[in-house]
Amino acid sequence: MLLVGLCSITYRNKSVDEVIEVCQQAGVEGIEWGGDVHVPPGDIELATTVREKTEAAGLSVCSYGSYYRCDKEQVDFTMVLDSALALGTKVIRVWAGSKGSSDADESYRAEVVEHIRNALDLATEKGITIALEYHGGTLTDTHASTHQLLKEVNKPELKLYWQTRAGGKYETDIVELEAALPYLSHVHCFNWGATGWQDKKPLSEGTDDWREYLKRVKSIGGDRFVIFEFVKDETDQQLIDDAQTLRNLLDSLDA
C-alpha cells in the first residue's frame with residue numbers, strides 16, 4: 001500500500017505542533033521528522049515527545065530525515081540512531097557524503113562507504129533501515145554513481161530514497177526509478193521546474209508524470225510512503241491541494 005507522508009522540513013518555520021496540525025488538515029498519514037530543525041540528533045527527550053505527539057494525532061513517524069552525510073565531518077551516528085529509536089521509526093534517511101561524484105576521488109568514496117557500512121551495522125542490529133537520498137552534491141548525484149555506491153557498500157540492507165532530479169526530465173527520471181525499485185525504501189514527492197526547489201509547482205501540474213512513477217512504485221508491492229518534500233510557497237492550502245491530488249492519483253491506480 002502507498003501512503004501519503006510529509007517531510008517536516010517542508011515547513012521549517014513551523015513548530016512540531018503546527019506541522020502535525022497541517023498534516024491532519026491535509027489528511028497526511030505519516031511524517032518524516034527532520035534532524036536539522038525539529039528533531040536534532042541526540043535530543044532523546046525531544047524525539048520521545050515528538051513521537052508521542054505524532055501518534056496521539058493518529059499519524060505515524062514514517063522516517064527520520066537525519067541529514068547524516070556518512071563522512072568523518074559528521075556527528076557520531078549513534079546520536080542519529082538513538083533519536084530514530086526514540087521516534088519509533090524504522091527508516092533513517094542519510095546523504096552519501098558531502099561531495100558530488102565528479103569531485104570525489106577513490107579515497108573519499110572509500111571513506112563514505114566505510115561510514116555507510118558502519119551505520120548499516122549499527123542500525124540493522126536495532127531493526128532500522130538506512131536509505132540514501134538521491135541528491136545533488138553527494139555520491140548519489142548520478143545514476144551511475146548511485147549504483148556504483150550500492151556495489152561498493154555491498155550490503156543488501158542498504159536502501160534508496162528515490163526522487164526526481166533537479167533539472168531532470170521524465171525520460172531519464174523514469175529510468176532511474178525503475179533501476180531503484182529493487183532497493184526502494186520511500187519516495188519523495190514534489191513537482192518542480194528546471195531550477196529545482198527554486199521553481200516549485202503544484203502537484204496537479206505534474207500528474208501525467210507522477211501517475212507513471214506511482215505505477216512503477218506500486219508494481220513492486222509492499223507498504224511505503226510517498227512523502228511530500230517541497231510545496232509551492234510553503235502554504236498550508238497548497239499541501240492540502242497537493243495531498244488531494246496525490247490521493248486521487250493513488251485511487252486511480254486501484255480503479
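Note that the structure is a prediction, hence the values are computed from the model and not measured. Just so it is clear, the values below take in all heavy atoms, side chains as well, and ignore hydrogens, waters and symmetry mates. If you read the sequence from its start, that first residue is 1, and numbering goes on from there.
The closest side-chain donor-acceptor pair between D71 and Y108 falls under 3.5 angstrom. A donor atom on one side chain and an acceptor atom on the other are not found under 3.5 Å apart for T140 and W95. For T164 and Y134, the side-chain atoms include no donor-acceptor pair closer than 3.5 Å. Judged purely by distance below 3.5 Å, without hydrogens or angles, the side chains of Y213 and E178 never pair a donor atom with an acceptor atom. Defined by atom type and a distance below 3.5 Å, a donor-acceptor pair is missing between the side-chain atoms of R51 and T89. In summary, the side chains of E114 and N118 do not present any donor paired with an acceptor at a separation below 3.5 Å, with no hydrogens or angles considered. The closest side-chain donor-acceptor pair between D76 and T78 falls under 3.5 angstrom.
Between atom NZ of residue K200 and atom OG1 of residue T10 there is a gap of 9.5 Å, rounded to the nearest 0.5 Å. Here CG of L87 is found 11.5 Å from OG of S60. Values are rounded to the nearest 0.5 Å.
By the rule that hydrophobic residues join a cluster once side-chain heavy atoms approach within less than 4.5 Å of another member, I128 and L160 end up as members of one cluster. In the hydrophobic clustering of ILVMFWY residues, with side-chain heavy atoms under 4.5 Å counting as a link, F225 and L59 come out apart. Connection of Y183 to V94 is established within a shared hydrophobic cluster, with ILVMFWY side chains joined at heavy-atom distances below 4.5 Å, either directly or through further cluster members. Under the 4.5 Å side-chain heavy-atom criterion for ILVMFWY residues, a single connected hydrophobic cluster contains both L184 and L158.
The two residues S66 and V80 have their closest heavy-atom pair at CB-CG1, 3.5 Å.
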**Stepwise salt bridge (charged side-chain N to carboxylate O under 4.0 Å, His left out) check, D121 with K155** = CA-CA 10 Å; D121 289 344; K155 284 182 175 287; 3.2 Å; yes
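A cation-pi contact, defined as under 6.0 Å to the ring centre and within 45° of the axis, is absent between R93 and Y68.
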